[in-house]
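Down below is the structure, laid out as C-alpha cells.
Note on naming: letters A, B, ... go to the chains in the order of the sequence lines (proteins, then strands), and numbering restarts at 1 for each one.
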Amino acid sequence: MPELPEVETVVRSLRPQLIGRTILVFEPIWPKVIEAVLLDDFTAAVEGQKIKDVTRRGKFILLHLDSVHLAVHLRMTGTLFITRKPVTDFQHITAVFHISAGEKLFFRDTRKFGRIYLYRDLEVLDRKLGIEPLGVGFTTEWLWENLRIRKRQMKALLLDQTFLAGLGNIYADEVLWRAKIHPLKLSNTVSSTKTKALHEAIGTILTDAIAANGTTIRDFTFQDEQTGGFNNELQVFQKEDSACPRCSTTIRKIRAVGRGTHICPRCQRQ
DNA sequence: CAGTAATCCTGCCCGC
DNA sequence: TGCGGGCAGGATTACT
Ligand SMILES: [Zn+2]
C-alpha cells in the first residue's frame with residue numbers, strides 16, 4: 001500500500017530518469033486507468049509533451065509536462081517504473097508511456113485501483129488535499145487547533161486526505177501507537193501532551209520511512225524491483241499476537257473505521 | 001457535520 | 001488436489 005514514504009521513494013527514483021524526456025506515445029492497456037477525462041483528449045494532451053519535473057503531493061506522483069500536469073495515484077498495488085528489460089506479462093500493466101531515448105514508463109497494478117488524472121490547473125488538486133505532514137505549516141499548534149474544532153475518530157481523521165495528505169493504513173497505525181492514542185478516540189478530546197506526541201510521531205516515522213525507502217507490504221517496489229527497508233522498523237502493523245515493544249502486552253487486530261487496525265490495548269486506551 | 005456501507009478489482013486464504 | 005466463497009483495501013458517493 002503505497003503511502004507518503006513509498007510515493008516519495010518512487011518520485012526520487014523517477015525524477016532523474018524522467019526530467020527532460022518527451023512522451024512520444026501513450027498506450028492505454030486498460031483504458032479505465034484514465035480518470036475523468038476522455039481517452040482521446042488525454043492522449044492528445046500528453047503526447048509530444050516534455051516532462052519538466054516530477055514531484056509529490058500527498059500520495060500523488062505529479063508529472064509536470066509543458067502545459068499540463070499528470071497526477072498518478074498508485075492506490076493499493078500500483079507501481080510506476082522505467083525498465084529496459086522486455087516486459088512480457090501485460091496482465092497487470094494498465095498503461096505504458098513511450099518516452100524519448102527508447103525508454104518506457106510502465107504502470108503496473110494488479111488490483112486496478114490506481115488511476116492517472118490530468119490537470120490543466122494543479123490548484124484544483126491542491127485545494128482538495130489537506131496539509132502536507134512534512135511541510136512547514138504542519139506544526140503542533142496547527143494540529144492542536146484542528147483536532148479541537150473537529151469531533152472525529154482519530155484514525156478516520158488521519159486517513160482523511162482532505163485533512164492530512166499522505167498517511168494510509170500502515171503509518172496511521174504506527175503513529176497512533178507511538179503517540180499512545182486509541183484509533184477511535186475523538187479528536188476534540190485528545191490532550192495537548194498527546195497532540196504534541198502525535199505531531200512528533202508523524203514527523204519522525206515518515207522521515208525515517210523515507211530514509212529506509214518505504215515499506216513493502218505486498219507489491220511495493222521501485223527501481224527494478226527494489227523493496228522498502230522500513231518493514232523491520234514497524235512496531236504494530238501486522239504484529240497482531242506478538243508483544244508490544246513498549247509494554248509487552250499482546251498486540252491486537254481490531255476493526256476500526258472500516259479497516260484492519262493494530263493496537264496495543266494497554267498503551268492505547270479509549 | 002459525522003459515520004456507515006457499497007463500489008471498484010483480483011489475488012489469496014479458508015473450508016470442504 | 002481442486003474449487004468456490006469471501007475478504008481486503010483507498011477514495012468516492014450515497015444515505016442515515
Ligand atoms: Zn503497549
Considering only heavy side-chain atoms of A:Q91, the closest of C:dG10, B:dG11, B:dA2 is B:dG11
OP1, OP2 of B:dC9 versus side-chain N and O of A:K32: anything below 4.0 Å?
yes
How about A:W142 and A:F163: are their ring centroids closer than 6.0 Å?
yes
Nucleotide nearest A:W30 when distance is taken to its side chain, options C:dA11, C:dG9, B:dC9:
B:dC9
A:R75 CZ - B:dT7 C1' separation (whole Å):
11 Å
Does the gap between the ring centers of A:H69 and A:Y117 come in under 6.0 Å?
no
From B:dT10, C:dG10, B:dG3, nucleotide with atom closest to A:K112 side chain:
B:dT10
Atom NE2 of A:H73 to atom P of C:dG9: distance rounded to whole Å?
16 Å
Would you classify A:R115 as touching base, sugar-phosphate or nothing, given that sugar-phosphate means primed atoms plus P, OP1 and OP2, and contacts are heavy atoms under 4.0 Å?
nothing
Between B:dG11, B:dT4, C:dG10, which nucleotide has the shortest distance from any of its atoms to the side chain of A:N169?
C:dG10
Tell me: CG of A:L184 to C1' of B:dG3, nearest whole Å?
11 Å
How many whole angstroms separate atom CD of A:Q161 from atom P of C:dA11?
4 Å
From the options B:dG11, C:dG10, B:dA2, select the nucleotide whose nearest atom is closest to the side chain of A:R259.
C:dG10
Rounded off to whole Å, could you give me the CZ-to-P distance for the A:F163 and C:dG10 pair?
18 Å
Taking CE from A:M76 and C1' from B:dG11, how many angstroms apart are they, rounded to a whole number?
10 Å
Side chains of A:L176 and A:K155: closer than 4.5 Å at any heavy-atom pair?
yes
Do A:F113 and the base of C:dA11 stack face to face, with centres under 5.5 Å apart and an angle between planes under 30°?
no
Please determine whether a side-chain nitrogen or oxygen atom of A:K59 lies at a distance below 4.0 Å from atom OP1 or OP2 of C:dA11.
yes
Among C:dG10, C:dA8, B:dG3, which nucleotide has an atom closest to any side-chain atom of A:R111?
C:dA8
For this output row, return yes or no: ring centroids of A:H73 and A:F60 closer than 6.0 angstrom.
yes
Within the 4.0 Å heavy-atom criterion, would you say A:G168 contacts the bases, only the backbone, or no part of the nucleic acid?
nothing
Audit row: A:K59, A:E3, salt bridge (charged side-chain N to carboxylate O under 4.0 Å, His left out) steps and yes/no
CA-CA 6 Å; A:K59 298 183 207 172; A:E3 305 178 25; 5.8 Å; no
Spacing of A:Q238 atom CD relative to B:dC13 atom P, expressed in whole Å
12 Å
Among the nucleotides C:dA8, B:dA2, B:dG11, whichever has the atom closest to the side chain of A:R152 is B:dA2
Atom-pair distance (CG on A:D109; P on C:dG10), nearest Å
13 Å
Between C:dG10, B:dT4, C:dA8, which one does the side chain of A:Q153 approach most closely?
B:dT4
At under 4.0 Å, does any side-chain N or O of A:H92 touch on OP1 or OP2 of B:dC9?
no
Minimum side-chain heavy-atom gap A:L62-A:D53 below 4.5 Å
no
